[in-house]
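Scroll down for the structure; my scribbles are underneath it.
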Amino acid sequence: MTPHPSDPPGPDSHARLQDARVLITGASAGIGRSCARVFATRGAHLVLLARRLDRLRDLRDDLRDRYGVDVHVFGLDVRDRTGVDDLVAELESENLLPDILINNAGLSRGLDPLHEGRVQDWEEMLDTNVKGLLYMSRAILPYMVERDSGHVINVGSIAGHIVYPRGNVYNASKFAVRALTEGMNLDLVGTRIRVSTVDPGLVETEFSRIRFRGDDERADEVYRGYTPLSPHDVADVIAYVAGAPPHVNIFQTVVYPTDQRSPFVLHRSSPDQDEAGT
Ligand SMILES: NC(=O)c1ccc[n+]([C@@H]2O[C@H](COP(=O)([O-])OP(=O)(O)OC[C@H]3O[C@@H](n4cnc5c(N)ncnc54)[C@H](OP(=O)(O)O)[C@@H]3O)[C@@H](O)[C@H]2O)c1
C-alpha cells in the first residue's frame, strides 16, 4: 500500500525544515529575530534582513557558532523598491534564493484618532507593512513559480481582523496583509506554492516602544499585569506552519495570549489600565 504523505514514520514538522533556506525580513528584533533562532535550531539556512545591520551581524555569528547553519545578512529597508530588487538579484546570483519567505518587517506608529493622526506615520506604516511586503513578494515569487515550490508566510495581526479605537491606519495595513495573503493564494492556484498568514495578539517586543516613539513607560504599560506572548511563542507557530507537509497549507493562524480574548478583552491582575494594542 502506498503510504499517505502524512503517515508516520515520514519526516516531522522539524525535520522538514532541515536545510531549507529561509529569508526573514525584520530579523534584527522581536518576532523576526526569534524566527531566525527557531529556524536555525531546526537546521534551516538563513538570509536575514533589516536596517540595523550591526544587530544582524551579531545574530549571524551567534547562530553560526551555536547551530552550524549557513547565515547571510543584508542591510535593507523594505520600503526601498530598487533596493529590494537589487538584493533579490544578488541572492539569485549567489544561489541564496529562499524556499520560505517570511514577510515580518512591520511597525505601528502612534495611537491617535484619525482626524489627529500624522500623515508621515500613515505613510511609514503603509510603506513598510503593505508596500514592503508587496515589493519582497513581487521580487521573490517569480522564482518560486519557476521552481514550482515555495512558501510565503506573512506576519499579520489580530489588528487585521478587528478594528480597535485609534488603530485606524495600522488596522488598515494589517487588513491589507490579510487580503494580500488571500489574493496571493488565489493567484497561485495550480502551483505547489503556499501562502500563509500568522496573526498574533499582544507580543512583548520593541513594537510598543516604536509605536510610542521611545516612551518606554507607556510601552511598558501595554504589557503590565498579564502574560503576553513572547516573540518565541510566535516564531514557534510560524515554524510549525512552515514545517507542515507540502500538501497542507495552514492558510491563517490567529494566536492570542491566554489572557487576551480580543483586542477589547484583556485580563490584567490590576485592571486599572486598558490601552489596546497589537
Ligand atoms: N508585537 C506585537 O504585539 C505584534 C502583534 C501583532 C503583529 N505584530 C507584527 O509583527 C511584526 C514584527 O513586529 P515585532 O513585534 O517583532 O516588532 P519589533 O520588535 O519592533 O521588530 C520589528 C522588526 O521590523 C524591522 N523593520 C521595521 N521597519 C523596517 C523597514 N522599513 N525595513 C526593514 N525592516 C524593518 C525592524 O528592523 P530594523 O529597525 O533594524 O530595520 C525589526 O527587526 C510586525 O509586522 C508587526 O506588525 C506584532
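We count ligands from 1, going down the list as the structure has it; atoms in each ligand are counted the same way. Worth knowing before you read on, the calculation uses all heavy atoms, side chains too, and leaves out hydrogens, waters and symmetry mates.
- Residues Ser108 and Arg211 have side chains that bring a donor and an acceptor to within less than 3.5 angstrom of each other.
- Within the structure, the closest approach of Gly201 to ligand 1 falls below 4.0 Å when heavy atoms are considered.
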Considering only distance and modelled atom types, tabulate donor-acceptor pairs under 3.5 Å from the side chains of residues 99-107, sequence neighbours left out.
{"from": "Asp99", "atom 1": "OD2", "to": "Arg21", "atom 2": "N", "distance (Å)": "2.7"}
{"from": "Asn103", "atom 1": "ND2", "to": "Ser137", "atom 2": "OG", "distance (Å)": "3.1"}
{"from": "Asn103", "atom 1": "ND2", "to": "Asn154", "atom 2": "OD1", "distance (Å)": "3.0"}
{"from": "Asn104", "atom 1": "ND2", "to": "Thr25", "atom 2": "O", "distance (Å)": "3.1"}
{"from": "Asn104", "atom 1": "ND2", "to": "Gly26", "atom 2": "O", "distance (Å)": "3.1"}

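- For Pro200, the closest heavy-atom approach to ligand 1 falls below 4.0 Å.
- For the atom pair Ile193 CD1 and Leu188 CG, the distance stands at 5.0 Å (nearest 0.5 Å).
- Taking a cut-off of under 4.0 Å to the non-hydrogen atoms of Val155, the atoms of ligand 1 that pass are 9 (C), 10 (O), 11 (C).
- Judged by the shortest distance from any of its heavy atoms, Asp77 lies inside the 4.0 Å radius around the atoms of ligand 1.
- Remark: ligand 1 atoms within the under-4.0 Å shell around heavy atoms of Tyr170 are 7 (C), 8 (N), 46 (C), 47 (O).
- Near Gly30, the atoms of ligand 1 lying under 4.0 angstrom from a non-hydrogen atom of the residue are 16 (O), 19 (O).
- Atoms of ligand 1 lying under 4.0 Å from any heavy atom of Arg79, numbered from 1 in the order shown and given with element: 31 (N).
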- Message: Between Asp199 and Thr253, is the side-chain contact (heavy atoms from CB on, under 4.5 Å) condition met? List the steps.
- Response: CA-CA 6 Å; Asp199 301 340; Thr253 313; over 6 Å; no
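- Between Gly26 and ligand 1, a contact under 3.5 Å exists for at least one N or O pair.
- Nearest residue to atom 33 (C) of ligand 1 from Thr128, Ile210, Leu76 is Leu76 (criterion: closest heavy atom).
- Applying side-chain contact (heavy atoms from CB on, under 4.5 Å) to Val152 and the options Val195, Leu23, Thr181 leaves one that passes, Val195.
- Residue contacts with ligand 1: Val78 is placed with a nitrogen or oxygen under 3.5 Å of a nitrogen or oxygen of the ligand (distance criterion only).
- Residue-ligand proximity, Glu206 to ligand 1, at heavy-atom distances under 4.0 Å covers atoms 19 (O), 20 (O).
- Tyr223 and Ser208 share a donor-acceptor pair across their side chains, judged by distance under 3.5 Å alone.
- Within the set Leu107, Asn154, Val203, the minimum heavy-atom distance to atom 2 (C) of ligand 1 is found for Val203.
- Aromatic rings from Tyr170 and Phe207 are positioned such that their centres are separated by under 6.0 Å.
- Between the side chains of Thr82 and Asp85, no donor-acceptor pair of N or O atoms lies under 3.5 Å.
- Taking every heavy atom of Ser28 and a limit of under 4.0 angstrom, the matching atoms of ligand 1 come to 36 (C), 37 (O), 38 (P), 40 (O), 42 (C), 43 (O).
- Taking 4.0 Å as the cut-off, Gly156 counts as a neighbour of ligand 1 on heavy-atom distance.
- Using a 4.5 Å heavy-atom cutoff, the side chains of Arg194 and Ile153 are not in contact.
- By the criterion of a heavy-atom distance under 4.0 Å, the side chain of Lys174, and not its backbone, is placed next to ligand 1.
- Not close to ligand 1: Glu204, with no non-hydrogen atom less than 4.0 angstrom away.
- The backbone N or O of Val155 lies less than 3.5 Å from a partner atom in the side chain of Lys174, making a donor-acceptor pair.
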